[in-house]
Amino acid sequence: MRTSRFLLATLREDPADAEVISQRLMLRAGLISRLATGIYSWLPLGLRVLRKAERVVREEMDRAGAQELLMPAVQPAELWQESARWEKYGPELLRFKDRHHREFCFGPTHEEVITDIVRQKVTSYRQLPACFYQIQTKFRDEIRPRFGVMRAREFLMKDAYSFHRDDDSLDETYTAMYAAYEAIFGRLGLTFRAVAADTGSIGGASSHEFHVLAESGEDAIAYSEGGYAANVELTQAPPPPERPPATASRESVHTPGQHTIAEVSAFLGVPAERIVKTLVLRGADGGLVALLLRGDHELNAVKALRLPQLAQPLQFATPAEVQAALGCDFGSVGPVDFPGPVIADRDAAALADFVCGANAHGYHLTGVNFARDLPEPAVADIRNVVAGEPAPDGSGPLAIARGIEVGHVFKLGTVYSEKLACTVLDEHGREAVMTMGCYGIGVSRVVAAAIEQNHDARGIVWPQALAPFEVALVPINLHKSPAVAEATDKLYAELTAAGVDVLLDDRPERPGVMFADMDLIGIPHRLVIGDRGLKEGQVEYKARRADTAEN
RNA sequence: CGGGGUAUGGCGCAGUCUGGUAGCGCGCCAGCUUUGGGUGCUGGAUGUCGGGAGUUCAAAUCUCUCUACCCCGACCA
């Protein structure tokens, strides 16, 4: 490919409104173009990268025995009503009506459609196990799309679904998919980690997430040297110490202007771990519920969601509601005389002589004790583990890393096959419900994640497998030096004939411009052809990652 | 949805407070120059100042309203 015949839409300046490095570089390098919030076009350069990611995914899925098919993006409501997800999925499901007022949705995932196909076409246990996959555009009407294609509303996903007559067979395919995922992310040159995960809204027995490790990741994962690895969302906190006896008496202290734990801690000279943080959420019955955490701990929303007392999605009370119920703002809220259920994290429940808000503007209580000053609270593990705490399986202290979820494998069981009556006849001629697994990879997200992990001050540094072009040819004075033109044409022809993806920069630009662009778009290898080197029979080679060039 | 912010040529911004009919840098086009890390000079094109309504002799600027986008909180590949 020649740059004179290829849309290089690079920007000299950083685009405003781009927060994360991958988004900034994807826009600046001209990989994508924003059409609406969370909706992007893939420009020719970006599409080449996306296709390379697809290719690796496709090859490994095929190798693992999955069969590719392609399902529609638009799906009828009836199918979703059959699985009960038409009601359950919520506003993230983009719904619309056709001209006959029939209801449809734009598929956010394809369990229903594949199950419908399999229940029609697969009739005998002899046809099992079977695994199908597609690489296709999904739409999820995210509340807050962000970070470019990282959390887009429309995105490219590889989704696979496997069907089995029993759990052993499912385990086998699950293991094969897990291995295929390791192969895929390995081939793509990503540093990743597979972790045990919450089964979330899709439901099912067990699941693992594949995370690309990056500072900008939206997930926190906990792991130990001994091999523990799980999303922080579901990592159990270690058992709390025993509660010491109460020694202090309860006092009300004026704490004007002290709202945050840090402020109160500094003001009273009490460490954060002896202060109780009170979060006010909406209860399942519409009232308010107090959640207590140690000042140095954070609420774990996934764990809290399991509390039956809370409203289902988690809703924090508004300042106005708190003001109406307690007569103070968030900074002075506390559990003593709280008008509703009080649920304490296990570590908060283990405190004695603690500090908490007084439910009076500008006041805190010190020397507070459960049982004596307020009823014993309900107790649950509702906090995030912190680095250094022991892993739940005793495999050593935990470290916490941030990750971008690029893949997810699920053992679904019979959640969908039962609802949609997806059965085969077994060897005894009896109907048997199939067991299912599903396996997703965010293909467009992989591209962004790869940039998060592979970039420098000059731009993207593509891993070989994802690079839009493998080699950049940069001729100096191409249009004035016949010798350069001849050598360049020859090299271009030979590399192309050898099957190498070459980008020849034949624009009448200055060298600096060409170097800057080739660096920005991250071509892994660069050859510079100039009169200077040709006199010695040499061209210059430089790897994108290298600091210096060689002849 | 709630909270905060922005909207001026392809991109990045100034001008808005204090109304007087739009400017800078980059990019783009032409010419010359230069040519191993975003060359220099000259000339040129591109704006219904997000939409609508209003106030005014006069609105990018003031008022109302709508829309889009960005950032912060509850979801997921």
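Just so we're on the same page: letters track the sequence lines, and every chain starts at 1. Only heavy atoms go into these numbers, but all of them, side chains included; no hydrogens, no water, no symmetry mates. Everything numeric in this text was worked out from a predicted model, so none of it was measured.
- Comparing B:rG9 with B:rC72, their P atoms are spaced 25 Å from each other, to the whole Å.
- A:Asp14 contributes no side-chain N or O that forms a donor-acceptor pair with the base of B:rG12 under 3.5 Å.
- Taking atom C1' on both B:rG37 and B:rC75, the two are 45 Å apart, rounded to the nearest angstrom.
- Nucleotide B:rC69 forms a pair with B:rG5, judged by Watson-Crick or G-U wobble geometry with both contacts under 3.5 Å.
- Checking the phosphate oxygens (OP1, OP2) of B:rU39, a side-chain nitrogen or oxygen of A:Arg510 falls inside 4.0 Å.
- In this entry the distance linking CG of A:Asn300 with P of B:rA74 reads 11 Å, nearest Å.
- Residue A:Met150 is in base contact, counting any heavy-atom pair closer than 4.0 Å across all strands shown.
- Each of A:Leu520 and A:Pro145 has a nearest nucleotide on RNA chain B; the 5'-most of these lies closest to A:Leu520.
- Taking a pair to require two hydrogen-bonding distances under 3.5 Å in either a Watson-Crick or a G-U wobble arrangement, B:rG20 pairs with B:rC57.
- Take the nearest nucleotide of RNA chain B for A:Asn231 and for A:Ala18: the residue whose nucleotide is more 5' is A:Ala18.
- Between the side chain of A:Arg140 and the base of B:rC75 there is no donor-acceptor pair of N/O atoms closer than 3.5 Å.
- Using P as the reference atom, B:rG40 and B:rU34 are 14 Å apart when rounded to the nearest Å.
- A cation-pi contact links A:Arg526 to A:Phe515, judged by a cut-off of 6.0 Å to the six-membered ring centre and 45° from its axis.
- Not a single donor-acceptor contact under 3.5 angstrom links the side-chain atoms of A:Arg144 to the base of B:rG4.
- What separates CG of A:Asp141 from P of B:rA74 is a distance of 19 Å, to the nearest Å.
- A:Phe155 does not carry A:Lys138 over the face of its six-membered ring by the limits of under 6.0 Å from the centre and within 45° of the normal.
- Among the atoms of the strands shown, only primed sugar atoms or phosphate atoms (P, OP1, OP2) are found under 4.0 Å from some heavy atom of A:Ala36.
- The interatomic distance linking A:Phe316 (CZ) with B:rC1 (C1') rounds to 15 Å, in whole Å.
- With hydrogens and angles ignored, no donor-acceptor pair under 3.5 angstrom links the side chain of A:Arg146 to the base of B:rC71.
- Using the six-membered ring where Trp is involved, A:Tyr174 and A:His208 have ring planes that are tilted, between 30° and 60° apart.
- Within the 4.0 angstrom heavy-atom criterion, base atoms lie near A:Arg526.
- We find that CZ of A:Arg24 is positioned 14 Å from P of B:rG12, with the value rounded to whole Å.
- Aromatic pair A:Phe185/A:Phe210: ring centres closer than 6.0 Å.
- The separation between A:Leu11 atom CG and B:rG25 atom P is 19 Å, rounded to whole Å.
- As a whole-Å value, the separation of A:Glu142 CD from B:rC72 P is 14 Å.
- To the nearest whole angstrom, the two P atoms, one in B:rU21 and one in B:rC26, are 26 Å apart.
- The 12-atom threshold is exceeded at CZ of A:Arg2, counting heavy atoms of other residues, nucleotides or ligands nearer than 6.0 Å.
- In this model, the phosphate group of B:rA68 is not approached by any side-chain N or O of A:Thr37 to a distance below 4.0 Å at OP1 or OP2.
- The aromatic rings of A:Phe469 and A:Phe6 lie perpendicular to each other, with more than 60° between the two planes, well past the 30° mark.
- Here the P atom of nucleotide B:rU39 and the CD1 atom of A:Ile476 are 13 Å apart, to the nearest Å.
- A donor N or O paired with an acceptor N or O is not found under 3.5 Å between the base of B:rG27 and the side-chain atoms of A:Glu13.
- Atom CG in A:Leu27 sits roughly 10 Å away from atom P in B:rG12 (whole-Å rounding).
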